[in-house]
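Taking it in order: structure first as structure tokens, then the write-up.
Reminder, nothing fancy here: chain letters follow the sequence lines and each chain counts from 1.
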There are 2 protein chains.
Amino acid sequence: MEAYPKLTIEIMGLVADKWSLLTVYILGEGTLRFSELRRRAVPISQKMLTQTLRVLERHGLVVRRVLPTAPPQVEYSLSPLGRSFLSAASVICAWTRDNLAEVDAARQRFDQERSAA
Amino acid sequence: MEAYPKLTIEIMGLVADKWSLLTVYILGEGTLRFSELRRRAVPISQKMLTQTLRVLERHGLVVRRVLPTAPPQVEYSLSPLGRSFLSAASVICAWTRDNLAEVDAARQRFDQERSAA
DNA sequence: CCGGATCCAGTACGATACTG
DNA sequence: CAGTATCGTACTGGATCCGG
């Protein structure tokens, strides 16, 4: 018997990914075009953004809409499922922001004790 | 100007990791020894569990306590910081559980449309 | 402007074997 | 029991070039 099925871990891996979190978090601000999204999600690379958006689209969290213009424009937005995930993602992002200093301090303490060997 | 500092992304990477989430989530049940933790966190490998616990300990989320027995026992538990993170992690875990089916369905739909090319 | 394709260094991860 | 060490494979993620 497997405590956590493969599928669960797989989806966790999708959802518990820093770029996914960041992307969804920023898309929470509204519908954005690729280049604008990239600018706001610095320092994500273009490749990772493309890749992350594909994965999120594939799993139904993000809607990709190509506008029939020249040059073509592509808009990204959250699906209803994506918005429901946003509320969870926000909690993680907020925690990170609020506890950044403490986590960093703990790490420095840990590393210092180590180097004292 | 960098929208998200390197440190923030680094901590996000720590915190937005499937094994970290899972480990903290399970440690939420209480203090556990290594082997018991491993059993409950299936299908995590022993190596990944060790590694994840080190990282979590280093960043102040987990407390490692070696008992002076023979054979040695090691207990892991959440620090106060870890418990504060648990509430955020739980939200992600709960979302995953509740939306597993829908995400999986979206993926199958997406893949089917793709293969119809 | 919005990406895809390719190359490559580095890392994740599992399997296995060994230690105090 | 609770790890550490090593190996091999697969994937990550940046850099760069290319194309509609």
(request) Round to a whole Å and report the spacing from CZ of A/Phe34 to C1' of C/dG3. (result) 6 Å
(request) Kindly say if A/Arg33 contacts the phosphate of C/dC2, meaning a side-chain N or O under 4.0 Å from OP1 or OP2. (result) yes
(request) Take atom CE of B/Met12 and atom P of D/dG13, then tell me their distance rounded to the nearest Å. (result) 13 Å
(request) Could you state the atom-to-atom distance from CG of B/Asp17 to P of D/dG13 in whole Å? (result) 11 Å
(message) Can you list, in residue-number order, the parts of residues 46-74 of chain A that come under 4.0 Å of DNA chain D, counting heavy atoms only?
(response) A/Lys47, A/Met48
(message) Rounding to an integer number of Å, can you tell me how far B/Ile44 CD1 sits from C/dA15 P?
(response) 13 Å
(request) Indicate yes or no for a side-chain donor-acceptor contact from A/Asp17 to the backbone of A/Ser20 under 3.5 Å, with no hydrogens or angles considered. (result) yes
(request) Could you identify which residues of residues 19-31 of chain B place a heavy atom less than 4.0 Å from some atom of DNA chain C, listed by residue number, or say none? (result) B/Trp19
(message) According to a hydrophobic-cluster definition based on side-chain heavy atoms being under 4.5 Å apart (Ile, Leu, Val, Met, Phe, Trp, Tyr only), do B/Trp95 and A/Tyr25 belong together?
(response) yes
(request) Using atom OH of A/Tyr76 as one end and atom P of C/dC1 as the other, report the distance to the nearest whole Å. (result) 15 Å
(message) Could you work out, with side chain to side chain contact (heavy atoms under 4.5 Å, CB included) as the rule, every residue matching A/Ala106, not counting sequence neighbours?
(response) A/Arg109
(request) Hey, could you give me the CZ/OG1 distance between B/Arg38 and B/Thr50, rounded to the nearest 0.5 Å? (result) 8.5 Å
N/O donor-acceptor pairs under 3.5 Å from side chains in residues 56-68 of chain B, not counting sequence neighbours:
residue: B/Arg58; atom: NH1; partner: A/Asp111; partner atom: OD1; Å: 2.9
residue: B/Arg58; atom: NH1; partner: A/Asp111; partner atom: OD2; Å: 2.6
residue: B/His59; atom: ND1; partner: B/Val55; partner atom: O; Å: 2.8
residue: B/Arg64; atom: NE; partner: B/Tyr76; partner atom: OH; Å: 3.2
residue: B/Arg65; atom: NH1; partner: B/Glu75; partner atom: OE1; Å: 2.9

Taking only distance into account, with no hydrogens and no angle test, what donor-acceptor pairs under 3.5 Å do side-chain atoms of residues 26-34 of chain B form with protein atoms, sequence neighbours excluded?
residue: B/Glu29; atom: OE1; partner: B/Arg40; partner atom: NH1; Å: 2.2

(message) Nearest whole Å is fine: how far is D/dG13 P from B/Ile9 CD1?
(response) 12 Å
(message) Would you say A/Val24 ends up clustered with B/Tyr4 if hydrophobic residues are merged whenever their side chains have heavy atoms under 4.5 Å apart, either directly or through other cluster members?
(response) yes
(request) Examine C/dC2: is either OP1 or OP2 under 4.0 Å from a nitrogen or oxygen in the side chain of A/Ser35? Give yes or no. (result) yes
(message) Which residues pass the ring-ring contact (aromatic ring centres under 6.0 Å, His included) test with B/Trp19, not counting sequence neighbours?
(response) none
(message) In this structure, would A/Leu22 and A/Leu86 fall into the same cluster of hydrophobic residues linked by side-chain contacts under 4.5 Å?
(response) yes
(request) When you get a sec, tell me which of D/dG13, D/dA2, C/dC2 is the closest nucleotide to the side chain of A/Lys18? (result) D/dG13
(message) Output the rounded distance in Å from CZ (A/Arg38) to P (D/dG14).
(response) 10 Å
(request) Take atom CD of B/Glu75 and atom P of D/dC1, then tell me their distance rounded to the nearest Å. (result) 15 Å
